[in-house]
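Presented below is the structure to which this report refers.
In this text the structure is predicted, and so the values were computed from the model without any measurement.
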There are 2 protein chains.
Amino acid sequence: MTNQERRDGTRSRILASARERFTSGGFDATSVADICATSGVSKGAFYHHFPSKQAVFVALLERWIAELDESVRSAAARDEPVPRRLENLAGLVGQVSELGSGQIPMFLEFWRQAAKDPDIWRLTVDPYRRFREAFAALIQDGIEEGTLRPVDPDAAALVLVSTGIGLVLQGALNPAEAGRPDAGEQAVRMLLDGLAKEASDES
Amino acid sequence: MTNQERRDGTRSRILASARERFTSGGFDATSVADICATSGVSKGAFYHHFPSKQAVFVALLERWIAELDESVRSAAARDEPVPRRLENLAGLVGQVSELGSGQIPMFLEFWRQAAKDPDIWRLTVDPYRRFREAFAALIQDGIEEGTLRPVDPDAAALVLVSTGIGLVLQGALNPAEAGRPDAGEQAVRMLLDGLAKEASDES
DNA sequence: TTCTACAGACCGACCGGTCGGTTTCTATAA
DNA sequence: TTATAGAAACCGACCGGTCGGTCTGTAGAA
């Protein structure tokens, strides 16, 4: 086994164990010794690969953001009318909830750390802003192509993203009741169709 | 000073300090010694009033839930058409974000603890279910009184609550960009009016 | 006097991180 | 092909410090 292979193997075992332990117990409650025991790696090896426990957390966060970015980009870029593209993005909610049901408490952990650590905060907020801007641009497109009403794109993007986040979190905390796989589509459809029976058009 | 007065004063000072510390640092990172120092209470007094650090957390959670319950009940009960009542409830989002901007990280903390502690989980999920059921009932009313389309009330309630949660959390994490005070109203209006320009009525 | 509310020294467990030493790989020259 | 020197990966005992919680006392209310 070459050094490179050893290195990669150890590193990814640390990352995998850390994710598992952070997810089930949280950042603070997980000790470096925990991670080492779970991954079959010595403490020395751990600190050989990462300068601190926090660095592992950051590595996990960056990977997660990269994956999410990729999913969103590929779901939003199709050459279809905007409402269809919004529905595609909505499907992502179910996908994220399902596929990574184990990593969503992690997401909560990210958020909580962001609330108190400026570095993590930047790491979290920057991609999130990109995310919201992408939605706003998409809505702007929809307005220009005539398939959406002339709403404020920023406000609409905020609402859409909020709904997505809320759905994912609810699915994570309470899978039995709130974890409908079609929740995202339902939500977008409600937003597109409106909930009121007829006109309430005056502002 | 009577014993009762002393007792109440000490207890509420502990609670206040604990909330402040949990909010800014999180549950795990806050030590009992922190809380004692901040509140000017000795460790003996702390453990005289609460059997554990977790017990303080639970007391805080229960109080928070009671307050929220009360707010929702009073906002939803007015004798008005359902869409108006939904808008009232939406106003609550801004209110919660503003008034308790300091206690929302606490809410995140509640949620994270709930994800790993079954007792906290029950405490969190039960009132939350009531909450969602209240929304569903409200929507059912709206359908019957003819002001709302015949949507699935449970799904609609899920979407509404999700949006509210998402907005509050975004406002908490990123007040500068996402913390519009009128976000809740915007969202409800979008849901009521629909976003698409015209019919996309086929399912 | 008796009891409640509090005070604060103390305890064992545990934690993140360090460090001196060992093993395993790899490049190079004989 | 083999010998060797150095680098990289890894090991785990150890350290200073912190934490949640206990326990023995004391001052003032009842």
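Relative orientation of the B/Phe27 and B/Phe22 rings is tilted, given thresholds of 30° and 60° on the angle between their planes. Classification of the A/Trp64-A/Phe110 ring pair by plane angle, with boundaries at 30° and 60°, yields tilted.
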Item to check | CA sep, side-chain torsions, deciding dist, call: A/Arg129, A/Asp126, salt bridge (charged side-chain N to carboxylate O under 4.0 Å, His left out) | outcome: CA-CA 5 Å; A/Arg129 187 194 355 252; A/Asp126 269 5; 2.9 Å; yes
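B/Asp152 and A/Gln186 share no donor-acceptor pair across their side chains, judged by distance under 3.5 Å alone. Under 3.5 Å, the side chains of B/Thr147 and B/Glu145 contain a donor-acceptor pair of N or O atoms. A donor and an acceptor atom, one from each side chain of A/Gln54 and A/Asp119, are nowhere located under 3.5 Å apart. Between the side chains of B/Arg7 and B/Thr10, not a single donor N or O lies within less than 3.5 Å of an accepting N or O.
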Might you list the N or O atoms of the protein lying below 3.5 Å from N or O atoms in nucleotides 2-6 of chain C, with each pair's distance?
unit_1, atom_1, unit_2, atom_2, d
C/dA5, OP2, B/Arg7, NH1, 3.1
C/dA5, OP2, B/His48, NE2, 3.4
C/dC6, OP1, B/Arg6, O, 3.4
C/dC6, OP1, B/Thr10, OG1, 2.3
C/dC6, OP2, B/His49, NE2, 2.4

Sub-3.5 Å pairs of nitrogen or oxygen atoms, protein against nucleotides 18-21 of chain D:
unit_1, atom_1, unit_2, atom_2, d
D/dG20, OP1, B/Thr30, O, 3.2
D/dG20, OP1, B/Lys53, NZ, 2.5
D/dG20, OP2, B/Val32, N, 2.8
D/dG20, N7, B/Lys43, NZ, 3.3
D/dG21, OP2, B/Tyr47, OH, 3.1
D/dG21, OP2, B/Lys53, N, 3.2
D/dG21, N7, B/Lys43, NZ, 3.1
D/dG21, O6, B/Lys43, NZ, 2.2

